[in-house]
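These notes are about the structure you will find just below.
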Amino acid sequence: MNEFQGFTKVCKYSNLKEKIGQRFIVNEIDVAVFKVDGKVYALSNMCLHQKAFIIYDGFVDDGKVTCPAHGWQYDLKTGIVAGGIKGLDVYEVKIHNDDVFIKVFEKKLNW
Ligand code: FES
C-alpha cells in the first residue's frame, strides 16, 4: 500500500458527521477534520488569531470554517484566511473503504 506511505488512519468515514468537525492528534500535530458534501478536509486545528486549538469546533458553511472564538474564517480547501494570503496548513486526505487517512507535516518555521 505505497500510496498510503506517510498517511495515518484517524477515523471511520461513517463516523464523521456532515459539517461537524472532529479533532485528532496525528504525530503530535493537532488536526481538525470536516466532512462536507461527502468530501473530507483536514486542516491545522490552531487558529492563527490567538493560537487556540479550536478550529474543529468551528461553524462550517459555504466552503469555509469560522473560528468559534472571534470569527476568523478559513477556506476548507486552501486553509487561507478570508481576506488574507496565508492561513492554516492543509493536509492530504485519503479514504479507503471506510477508513480516513491523513498525511500531516510539521509547520515550517521561517527563521
Ligand atoms: S482565536 Fe480564532 S478568531 Fe480568535
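Order of appearance sets the numbers: ligands from 1, and atoms from 1 within every ligand. Numbers here are sequence positions counted from 1.
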Query raised in the report: Cationic tip of Lys35 within the cone over Tyr13's six-membered ring, i.e. under 6.0 Å and within 45° of the normal?
Result: yes
Query raised in the report: Out of curiosity, does Tyr91 fall in the hydrophobic cluster containing Tyr41 (side-chain heavy atoms, cut-off under 4.5 Å, transitive links)?
Result: no
Query - Closer than 2.8 Å to atom 4 (Fe) of ligand 1 - protein N, O or S atoms, ordered by chain and residue number - result: His49 ND1, His70 ND1
Query raised in the report: Relative to each other, are the rings of Trp72 and Tyr74 parallel, tilted or perpendicular (30° and 60° limits)?
Result: tilted
Report task. Return yes if some donor-acceptor pair links the side-chain N/O of Gln22 with the main-chain N/O of Ala32 below 3.5 Å, else return no. Result -> no
Report task. Indicate, with yes or no, if Val10 and Leu43 share a hydrophobic cluster defined by side-chain heavy-atom contacts under 4.5 Å among Ile, Leu, Val, Met, Phe, Trp and Tyr. Result -> no
Query raised in the report: Taking 4.0 angstrom as the limit, do Asp99 and Lys9 come out as a salt bridge?
Result: yes
